[in-house]
Amino acid sequence: HVQLVESGGGSVQAGESLTLSCEVSGYTSAGNCFGWFRQAPGKEREPVAGIYTGDGRTTYADSVEGRFTLSRDNAKNTVYLQMNRLRVEDTAMYYCAAGTQNILFRLLVANEYNYWGQGTQVTVST
């Protein structure tokens, strides 16, 4: 039974930082991919970042490039999303996802992922 559990969301002010965690069970993180996606109220889900755990390659959406960092700890089966210099427009529900893709640009495609967590809310205010 595959389970992804996100944590670390919260309410912060613009410019502050948060680190999201995605704890994975029932699905080895070695040699697979993980992604973060987000969805704001009234908007479509959008990609944030993806990582291929086989070699650690990462890819980011333009909107978060340079501010967010995706990493993983294979031993802990946990994926992290470090979010710095948060903006009001980063406010959304953030979802972790797991899949098997290893082509970098496809790590930002939601349909490439087979398993999803329940999400953690991030709210950024001025």
Side-chain angles (χ1 to χ4, degrees):
H1 175 66
V2 178
Q3 189 172 16
L4 286 74
V5 179
E6 303 97 333
S7 61
S11 296
V12 297
Q13 292 190 321
E16 294 184 340
S17 300
L18 277 175
T19 299
L20 305 184
S21 299
C22 174
E23 187 173 350
V24 184
S25 60
Y27 191 94
T28 177
S29 66
N32 292 288
C33 67
F34 292 91
W36 285 95
F37 293 78
R38 66 187 183 187
Q39 188 167 19
K43 295 186 177 181
E44 294 186 355
R45 180 175 54 187
E46 63 177 9
V48 176
I51 185 169
Y52 174 59
T53 58
D55 58 14
R57 286 176 295 151
T58 55
T59 184
Y60 300 89
D62 289 344
S63 59
V64 307
E65 181 81 56
R67 299 188 297 123
F68 290 12
T69 302
L70 181 55
S71 62
R72 91 287 190 212
D73 184 330
N74 285 349
K76 295 183 178 180
N77 269 357
T78 301
V79 179
Y80 304 96
L81 183 68
Q82 172 69 42
M83 305 185 296
N84 297 327
R85 304 196 305 278
L86 282 161
R87 304 169 180 169
V88 172
E89 53 265 38
D90 294 320
T91 295
M93 184 72 79
Y94 283 70
Y95 298 92
C96 177
T100 58
Q101 184 58 253
N102 64 359
I103 298 175
L104 201 61
F105 80 91
R106 298 195 69 82
L107 299 185
L108 295 180
V109 178
N111 287 342
E112 295 292 343
Y113 291 88
N114 309 112
Y115 303 99
W116 292 82
Q118 294 300 308
T120 185
Q121 178 68 36
V122 172
T123 302
V124 185
S125 59
T126 55

Worksheet item: What pairs with T19 under side chain to side chain donor-acceptor pair (under 3.5 Å), at least two apart in sequence or on another chain?
Response: Q82
Practice prompt. Look up atom CZ in F34 and atom OG1 in T78, then write down how far apart they are to the nearest 0.5 Å.
Written response: 9.0 Å
Worksheet, complete the sentence: For residues 60-80, the ring pair (Phe, Tyr, Trp, His ring centres under 6.0 Å) pairs (sequence neighbours left out) are none
Practice prompt. Determine which pairs satisfy salt bridge (charged side-chain N to carboxylate O under 4.0 Å, His left out) with at least one residue from residues 114-125, sequence neighbours left out, and list them in order.
Written response: none
Practice prompt. Could I get the full list of salt bridge (Lys or Arg N to Asp or Glu O under 4.0 Å) partners for E46, not counting sequence neighbours?
Written response: R38
Worksheet item: For R45, what residues pass the side-chain contact (heavy atoms from CB on, under 4.5 Å) criterion, not counting sequence neighbours?
Response: F37, Q39, A110, W116
Practice prompt. Go through the structure and list residues passing side-chain contact (heavy atoms from CB on, under 4.5 Å) with N111, not counting sequence neighbours.
Written response: V109
Worksheet item: Among all residues two or more places apart in sequence or in another chain, which pass the side-chain contact (heavy atoms from CB on, under 4.5 Å) test with R67?
Response: V64, R85, R87, D90
Response to the item:
When rounded to the nearest 0.5 Å, the distance separating CE of M93 from NZ of K43 is 15.5 Å
Worksheet entry | Test side-chain contact (heavy atoms from CB on, under 4.5 Å) applied to S7 - qualifying residues, sequence neighbours left out | S21
Discussion item. Would you say that Y27 contacts L4 through its side chain, given a criterion of any heavy-atom pair below 4.5 Å between the two side chains?
Written reply: no
Response to the item:
OH (Y94) and CG (L81) are apart, to the nearest 0.5 Å, by 7.5 Å
Worksheet item: What pairs of residues pass the disulfide bond (SG atoms under 2.5 Å apart) test when at least one of them lies in residues 38-90, not counting sequence neighbours?
Response: none
Worksheet entry | Nearest-0.5 Å distance, CZ of residue R72 to CG of residue N32 | 11.5 Å
Worksheet item: What pairs with D62 under side chain to side chain donor-acceptor pair (under 3.5 Å), at least two apart in sequence or on another chain?
Response: none
Worksheet item: Out of curiosity, Y52 OH to N102 CG, how far, rounded to the nearest 0.5 Å?
Response: 5.0 Å
Worksheet entry | With T69 via side chain to side chain donor-acceptor pair (under 3.5 Å) - residues at least two apart | none
Response to the item:
Of all heavy-atom pairs linking L108 and A61, the shortest is CD1-N, 4.1 Å
Worksheet entry | Flag, side chain of Y115 to backbone of C96, donor-acceptor distance under 3.5 Å | no
Worksheet item: Does the side chain of S17 come under 3.5 Å of the side chain of N84 through a donor N or O and an acceptor N or O?
Response: yes
Discussion item. Applying side chain to side chain donor-acceptor pair (under 3.5 Å), can you list everything that pairs with Q101, at least two apart in sequence or on another chain?
Written reply: E112
Item to complete: To the nearest 0.5 Å, tell me how far T123 OG1 sits from Q13 CD.
Response: 12.5 Å
Discussion item. Working note: E6 + L20, criterion side-chain contact (heavy atoms from CB on, under 4.5 Å); need CA distance, chi angles, decisive distance, verdict.
Written reply: CA-CA 7 Å; E6 303 97 333; L20 305 184; over 6 Å; no
